[in-house]
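Okay, structure first, notes after.
Just so it is clear, the structure is predicted and the values come from calculations on it, not from any experiment. Any value given below was found using the heavy atoms of this structure, including those in side chains, with hydrogens, waters and symmetry copies removed.
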Amino acid sequence: APSTATAWESTRAIYLNPWTHFLLSLHYWGASAMIALVVLHLLQVLIWGAYKAPRELNWVVGVLLLLVTLVLGLTGYLLPWDMNAYFASRVSLNILGLAPSGSVIQDVAQGGTAMGTATINRFFGLHIWLMPAALLALVGAHLVIFRRQGPAGPVPDDRRHPAPGRFWPDQLFMDGAVSLIVFIIIILLACFIPPYLDAKANPTVSNFTPYPAWYFLSLFGLLALVPPNVHIGPLTVSTELFATIIVPTVFGIIVLMLPWFERSKTRSFSSRAGALWATTIALIAIVGLSIYGQIGILRRQAAGPPSPPEREVLAATAPANASNGAGLFAANCSRCHGDLDQGVAGAFPPLAKNTVVTGDPNKVIGIVLDGLHGEVAVNGQTYNGTMPRWRGSLSHADAAAVITYIRGSLSGNHASMVTAAQVASYKP
């Protein structure tokens, strides 16, 4: 239900039902698999030289298909309207604003000068009908061209008369077999590593560290790596403009126009050594930047939000304030946990008279910081909800206050307090 008042709540309803949660998990992992497979397919075509005449048009269609799948991933990211969806999408929209006439484009994309219900409606429309329509049209064109030309096949030994592959039955059999294997992997991932729903989006939070989708991690790494200002000839451009607009645009144009830039007459590896080496270097750079971006995000999340030095010293030496914990719990946790004595049937266990909550404080700290998903049994009842991770969203002192509150102030709970120092020293 695409509005700020209902998007998170309707998504949560999907998560609370095991069957619809499984369906959503298939969609989540299937989306990643789709992007990964399009990238791998383009890479295969590039290595095999199958972009060369007479298949230039099919290469262009394939690159456009990749762009459409990336837009599908980007627009779908916002729809749950949880914390990560909101702040990661806000970063993406701010990037749009960096382009020439970007402020106009940004306002159109988000439906005004700020993100809200209009933003969700636009992303919802893009995600469920405009981009799928474009996808179907491009897939149709891709298959029509492919059917007329036939598969290029591996690089032939005879460079003068390469024999095309057969669409039927060879190509369709290989596609079908690989698709079945990928679908089985998606089912396993959906069963054992389902996605979780973060807390509802709160635009007033200023210290949340958004986590980009894996296919955008390389841009995040590049953004963190380049200096504050980049000099291009006589021009000086900002880091954000260089890393998020200029580099991706230039890279996209080179990939799109590759059949015309790469002038070798044959598909042999030796005649295309330059293109293959450039591909290898680009892949190493993308993977390296993705790893660098991932490390940077983990470091920021581990550090937690900044706090005044005085507060950290006091929090490390004094017990957490249980009354402050009650307020934090009401603001961040009560919407899921509801009745503390009963929990939510099938989804969230009760926190009162819960032996896990009152047991090893280190275990409770781990659950609050890193989240929890999968089935858990409490007082003879099974629950299968998803606990989001709060690492990076709560300071050490705030996390300690919440844990102290649920361990010592709920009905039947009389466990020891937890300090910020214990939270800070937690090791998974």
Side-chain angles (χ1 to χ4, degrees), residues 14-15 17-51 55 58-77 79-80 127-129 131-156 162-196 213-217 267 279 283 286-287 290 373-375 384 386:
I14 296 173
Y15 274 80
N17 184 310
W19 295 107
T20 54
H21 191 190
F22 174 71
L23 194 64
L24 185 142
S25 298
L26 287 179
H27 180 69
Y28 173 85
W29 286 109
S32 282
M34 179 178 174
I35 294 172
L37 288 172
V38 173
V39 171
L40 289 174
H41 178 55
L42 279 175
L43 186 60
Q44 176 201 26
V45 171
L46 196 156
I47 293 173
W48 256 247
Y51 54 85
R55 297 180 173 85
N58 223 17
W59 170 262
V60 172
V61 172
V63 174
L64 294 178
L65 270 169
L66 174 60
L67 293 177
V68 168
T69 57
L70 290 174
V71 173
L72 275 167
L74 187 65
T75 52
Y77 214 64
L79 300 185
H127 190 72
I128 68 164
W129 70 266
M131 288 300 104
L135 187 73
L136 286 174
L138 289 170
V139 167
H142 200 60
L143 287 175
V144 167
I145 299 170
F146 180 76
R147 182 67 183 88
R148 289 177 63 86
Q149 296 172 345
V155 177
R166 295 190 301 171
F167 182 83
W168 173 266
D170 297 351
Q171 187 66 39
L172 276 184
F173 173 78
M174 289 187 290
D175 287 349
V178 173
S179 296
L180 177 61
I181 293 170
V182 171
F183 188 58
I184 291 172
I185 294 172
I186 290 172
I187 290 175
L188 293 174
L189 289 170
C191 289
F192 295 104
I193 316 178
Y196 69 87
W214 63 267
Y215 36 88
F216 292 125
L217 273 173
R267 292 172 52 208
T279 301
L283 283 175
I286 290 171
V287 173
S290 297
H373 62 80
E375 289 189 356
N384 196 23
T386 298

Work out which heavy atom in [X] is nearest to a heavy atom in [Y]; give both atom names and the distance.
X	Y	result
N17	W19	OD1-N, 2.8 Å
A190	F22	CB-CE1, 3.9 Å
L74	F216	CD1-CE1, 3.9 Å
Y15	L24	OH-CD2, 3.7 Å

Distance check, rounded to the nearest 0.5 Å: [X] atom [atom1] versus [Y] atom [atom2]?
X	Y	atom1	atom2	value
S32	H27	OG	NE2	10.0 Å
M131	L67	CE	CG	10.0 Å
C191	L26	SG	CG	7.5 Å
L72	L65	CG	CG	10.5 Å
Y28	I193	OH	CD1	9.5 Å
W168	R147	CH2	CZ	10.5 Å

- prompt: Backbone N or O of I14 within a donor-acceptor pair of the T20 side chain at under 3.5 Å?
  reply: yes
- line: From the list V39, T69, L66, L70, side-chain contact (heavy atoms from CB on, under 4.5 Å) partner of Y215 resolves to L70
V68 vs V71, side-chain contact (heavy atoms from CB on, under 4.5 Å): CA-CA, chis, key distance, verdict: CA-CA 5 Å; V68 168; V71 173; 5.7 Å; no
Heavy-atom side-chain contact between [X] and [Y] under 4.5 Å:
X	Y	result
L283	L43	yes
L188	F192	yes
M34	L135	yes
I185	W29	no

- prompt: Does the pair Y51 and L42 meet the rule for a side-chain contact (heavy atoms from CB on, under 4.5 Å), with working shown?
  reply: CA-CA 9 Å; Y51 54 85; L42 279 175; over 6 Å; no
task: Consider only side-chain N and O atoms of W214 and S290, and report whether a donor and an acceptor are under 3.5 Å apart.
output: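 Looking only at side-chain atoms, S290 and W214 do not form any donor-acceptor pair under 3.5 Å.
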- request: Give me the ring orientation class for H41 and H142: parallel if the planes are under 30° apart, tilted from 30 to 60°, perpendicular past 60°.
  value: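 Ring orientation of H41 relative to H142: perpendicular.
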